[in-house]
Amino acid sequence: MYTQRKLRTSKRIAPAEPKKKEQAEDTDEDATLNHSPKKKPREVPSKKTFDKSQPDDKDIFNGKTVYFVPVEIPQARRNLLARRVEEFGGKVADELHLGGKTPLDYIVVDDRVALDTICRAMDNNFHDNFEKMLQLLDKASVVRAQWLSQCLLERKIVDDSEANINEFLKNHIRAMANKADQPSRSPLPFSPLRDSSPSRDESYHSDDDRKSYVSNFSDLGDMEDLHDVPGSQGDVDAAKLQKSNFFLSPAGGSRSGTNPNAHIIEQLEEMMKTYRNMGDEFRGYAYARAISAIRKFPDPILGMEQIKQLKNVGPRIASHIVEIVETGHMEKKDGAESNEATKAMNLFVNMHGVGTKTAQKWVQMGYRTLDDLKEKVKLTPEQAVGLKYYDEFQEKMTRREVEEIVRIVEDTVDSIRSGFIFKVCGSYLRGREMCGDVDLLMTHSDGHSHNTILKPLVGKLHEMGFLTDDLWLTEGRHKKYFGVCKLFKEGSKHRRLDIIIPPYNEWATCVLGWSGSMYFVRSIRDYAHKKGMSLTDYSLNINVVRVNGEKVNEGIPLETPTEESIFEALGLPYLRPEERDH
DNA sequence: CGGCAATACTG
DNA sequence: CAGTAT
DNA sequence: GCCG
């Protein structure tokens, strides 16, 4: 199946997400999603959260001097923060020297620079000048950028204990000083930088890495976003990730997870689902493409510098990213989530057989819970099944369980007729550890057995008690069964099972179509479309003639015995199923 | 601005 | 046909 | 909501 299907793959529609962090302002100006194109003209992404400044407390920094350590704080973000600091009554120093006459009050380091990197940078630049370093640290606080954002947001100097790494650095210096006193002192592991810039650690020239990464995308038009990072990049990124795992977690800042932008992705995904559930399919699709671009970005996104490099991220989503980076949350999303109607929509739309229209209708009629439906609504047969197994269908199963289910079907098929070939597609084929349903494709090389197997098969599976409910069964060009099954084992859950039986010569296109992900399939079909071709579950056609988007001439179907041959005919490099998991 | 994958089933 | 499904 |  298509993994991204609705909320199926997501967390449950839990009552109210855990609040990230109490935020000073929790306006619900946008409590309901804003569909109207009017409203604000098109703001420059970023300052949104600061715009509503009160006239009074403008000089929260009160003449204090701030220095930004350039390492890993992108130029753009540094400038932005600097401007804000000055706006709020602070001064920005552009150099860091030990005996400076202008005493520094705050030294701001990036949130994700590892402590040991900071130490090394200090050692390299001020090596052995322990005295002065300690003096500097007596006057100035070394803080994380996150803290500064928080201050700007709340318009006051907030508690910096979590972001303040002074004590840590002092201890480090004392330790180094002690070592230096000892006769057999080990040499510094890094050659001191004579460079006047205080800290440019050799392992953090990430800007360059990024450019090469971005320019490394293959030139495939819309297929671009289907390709992964070139492998050679992997090691570097892995090393970086490990390092940044080390960082002092700024308040509410660190999100564990394998992707450096997991935090951003999570929030945008919520928005995507909400939009889709509300029926704004294409807005949701736009979010999906943006998220895909972010997911592939190897480094933490900190500012416009990086956002601008992301394909499919325009001004609107960019501003959301900035908001998330700066404040850790997204007002629009929070607003939607706390909206009764939205919650009910999410609940209803997750039921098989219920889409946005029906959900909308029910919400409008005042229904909010599944119990409401049970009592007051006439359900279609499909919806009745959906409701009956609502909770079970939200859960995913292990690959192992998929295999057990498939085994039963295969054995049953073989007991009817031998020679069928099988392939489990969907998220299973893409290698997912957990699968939402089972998409089993089968066919027969004799070119005719596929026509007659389905009904007897389903009959037998019912007799066995393996199938518990049917959604539908059709005998079109591709025979399909959509239903519900349950393993006999104690404690097994009801699972969605789709059996698809194409003729032998349409096997490859069918497998490709049923392997997903949904976004991959849409992208590759879009690509085919743009090349004057047409790709469906049935075939890849060339010389398709379309007038106003409508197919006028079907074109000529190509022989595509394998998935590879489909990519080849499209002029695309082959992607294994695991590489189509977008 | 228009287009955004391409089909099949239900009622 | 609209709505939902993949 | 983004792209051409």
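Keep in mind that what you see is a predicted model, and the values were worked out from it rather than measured.
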Toward the 5' end of DNA chain B, by each residue's nearest nucleotide, A:Glu281 or A:Pro381: A:Glu281

Earlier contact from the 5' end, DNA chain B, for A:Tyr285 and A:His478: A:Tyr285

What does [X] touch in the nucleic acid at a heavy-atom separation under 4.0 angstrom: a base, only the sugar-phosphate, or nothing?
{"X": "A:Leu535", "answer": "sugar-phosphate"}
{"X": "A:Lys551", "answer": "sugar-phosphate"}
{"X": "A:Thr380", "answer": "nothing"}

Nearest whole Å is fine: how far is [N] [atom2] from [X] [atom1]?
{"X": "A:Leu512", "N": "B:dA6", "atom1": "CG", "atom2": "P", "result": "13 Å"}
{"X": "A:Ile499", "N": "C:dT6", "atom1": "CD1", "atom2": "P", "result": "15 Å"}
{"X": "A:Phe482", "N": "B:dC9", "atom1": "CZ", "atom2": "P", "result": "9 Å"}
{"X": "A:Asn350", "N": "C:dT4", "atom1": "CG", "atom2": "C1'", "result": "14 Å"}
{"X": "A:Lys311", "N": "D:dC3", "atom1": "NZ", "atom2": "P", "result": "8 Å"}
{"X": "A:Arg522", "N": "D:dC3", "atom1": "CZ", "atom2": "C1'", "result": "15 Å"}

OP1 or OP2 of [N] versus the side-chain N and O atoms of [X]: is any pair under 4.0 Å?
{"X": "A:Arg525", "N": "B:dA5", "value": "no"}
{"X": "A:Arg496", "N": "C:dT6", "value": "yes"}
{"X": "A:His352", "N": "C:dT4", "value": "no"}
{"X": "A:Lys530", "N": "B:dA5", "value": "no"}
{"X": "A:Thr474", "N": "B:dA8", "value": "no"}
{"X": "A:Arg546", "N": "B:dA6", "value": "yes"}

Kindly point out which of [options] is positioned nearest to the side chain of [X]?
{"X": "A:Lys480", "options": "B:dT7, C:dT6, B:dA8", "value": "B:dA8"}
{"X": "A:Thr358", "options": "B:dA8, C:dT4, C:dA5", "value": "C:dT4"}
{"X": "A:Trp472", "options": "B:dA5, B:dC9, C:dT6", "value": "B:dC9"}
{"X": "A:Tyr538", "options": "D:dC2, B:dT7, C:dG3", "value": "B:dT7"}
{"X": "A:Arg316", "options": "D:dC2, C:dT6, B:dA8", "value": "D:dC2"}
{"X": "A:Trp514", "options": "B:dT7, C:dT6, B:dC4", "value": "C:dT6"}
{"X": "A:Thr536", "options": "C:dT6, B:dT7, B:dG11", "value": "B:dT7"}
{"X": "A:Asn312", "options": "C:dT6, B:dA5, D:dC2", "value": "D:dC2"}

Can you check whether [Y]'s main-chain N or O pairs, donor with acceptor, with [X]'s side chain at less than 3.5 Å?
{"X": "A:Gln306", "Y": "A:Gly303", "result": "yes"}
{"X": "A:Arg477", "Y": "A:Tyr538", "result": "no"}
{"X": "A:Arg580", "Y": "A:Leu575", "result": "yes"}

Ion pair check, A:Glu433 and A:Arg399, cut-off under 4.0 Å: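 Here A:Glu433 does not pair with A:Arg399 in a salt bridge, since their nearest N and O are not under 4.0 Å apart.
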
Ion pair A:Lys332/A:Glu337, N-O distance below 4.0 Å: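 A salt bridge is absent here (no side-chain N lies under 4.0 Å from a carboxylate O).
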
A:His444/A:Phe420 aromatic ring centres below 6.0 Å: yes

